[in-house]
Amino acid sequence: MSDENQDNGGGSGFGWFLVGLGIGAAIGVLYAPQAGTDTRETLAESARERAEYLKQKSREAAAQVNTYVDAGKDQFGEYVERGKNAVATGRSQVEDYVERGRKVVAKHASKVSAAVDAGKSAYTATTAPVDERI
């Protein structure tokens, strides 16, 4: 149970350390032997530097995200192209099999037709003498 309470934030211990470090630095600057105006100017300059630092890091992060997005688009386009090629190959194979099937059916259709005609002739030949006897 105590492990669950201690493992709440994972990496949040380091974050709290940085917050404490920042607060300690701010308190140290406030108690430094400088005039109030100098201290305020130092704090303002530090805030400007931090803001610029954050802007720069956000620009870098945006550039990195754009790089990932472009790579994702390229990868997606490649997958789409592969899919189109697979469909075209499948369609070609199906058309080939259909054509082969048509040829087989045509080949056997003439044989079946000949067999049916032979059967009709045989039936006619065997039944004709019987009808004459009646």
Side-chain angles (χ1 to χ4, degrees):
M1 179 126 182
S2 65
D3 288 339
E4 292 175 3
N5 290 337
Q6 290 176 356
D7 198 25
N8 262 347
S12 66
F14 183 69
W16 284 113
F17 170 75
L18 291 177
V19 169
L21 184 65
I23 291 172
I27 290 173
V29 168
L30 290 176
Y31 284 108
Q34 291 182 356
T37 323
D38 293 339
T39 304
R40 284 190 293 275
E41 287 176 10
T42 304
L43 287 175
E45 181 62 30
S46 176
R48 282 190 292 274
E49 288 173 1
R50 295 294 170 193
E52 185 58 38
Y53 173 79
L54 289 175
K55 286 179 186 177
Q56 179 61 30
K57 288 298 179 182
S58 67
R59 279 187 231 117
E60 290 173 7
Q64 187 67 33
V65 166
N66 286 337
T67 301
Y68 289 143
V69 166
D70 291 341
K73 285 179 182 178
D74 292 343
Q75 188 70 34
F76 183 73
E78 183 180 326
Y79 288 147
V80 167
E81 193 60 36
R82 284 184 187 176
K84 287 179 181 179
N85 289 339
V87 167
T89 301
R91 182 175 290 138
S92 173
Q93 288 176 346
V94 166
E95 289 171 355
D96 185 42
Y97 290 138
V98 166
E99 186 59 34
R100 285 183 188 177
R102 286 182 180 154
K103 287 178 182 178
V104 168
V105 167
K107 176 182 169 184
H108 292 294
S110 63
K111 290 181 182 179
V112 169
S113 178
V116 168
D117 289 341
K120 285 180 183 177
S121 297
Y123 176 76
T124 306
T126 57
T127 57
V130 173
D131 289 339
E132 292 173 1
R133 290 185 219 159
I134 297 180

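We're numbering straight along the sequence, starting at 1.
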By salt bridge (charged side-chain N to carboxylate O under 4.0 Å, His left out) - contacts of E49 (at least two apart)
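By the salt bridge (charged side-chain N to carboxylate O under 4.0 Å, His left out) rule, E49 matches no residue at all.
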Evaluate Q56 against E52 for side chain to side chain donor-acceptor pair (under 3.5 Å), listing each step before the verdict.
CA-CA 6 Å; Q56 179 61 30; E52 185 58 38; over 6 Å; no
Listed partners of Y68 passing side-chain hydrogen bond (donor to acceptor under 3.5 Å, both in side chains), at least two apart
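Y68 satisfies side-chain hydrogen bond (donor to acceptor under 3.5 Å, both in side chains) with Q64 once adjacent residues are dropped.
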Residues that K103 engages under side-chain contact (heavy atoms from CB on, under 4.5 Å), provided they are two or more places apart:
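K103 satisfies side-chain contact (heavy atoms from CB on, under 4.5 Å) with E99 once adjacent residues are dropped.
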According to side-chain contact (heavy atoms from CB on, under 4.5 Å), who are the partners of V19, at least two apart in sequence or on a separate chain?
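With sequence neighbours excluded, V19 shows a side-chain contact (heavy atoms from CB on, under 4.5 Å) to W16, I23, given in chain and number order.
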Salt bridge (charged side-chain N to carboxylate O under 4.0 Å, His left out) partners of residues 67-80, not counting sequence neighbours, each pair once:
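Every salt bridge (charged side-chain N to carboxylate O under 4.0 Å, His left out) pair that includes a residue of residues 67-80, provided the two are not neighbours, is E78-R82.
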Show me the donor-acceptor pairs within less than 3.5 Å that the side chains of residues 83-97 make with the rest of the protein, sequence neighbours left out.
residue, atom, partner, partner atom, Å
N85, ND2, E81, O, 3.4
T89, OG1, N85, O, 2.9
D96, OD2, R100, NH2, 3.4

Donor-acceptor check, side chain of S46 to backbone of L43, threshold 3.5 angstrom: yes or no?
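No; zero donor-acceptor contacts below 3.5 Å.
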Say you draw a straight line from CZ of F17 to CZ of F14; how long is it, rounded to the nearest 0.5 Å?
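Here the interatomic distance stands at 7.0 Å.
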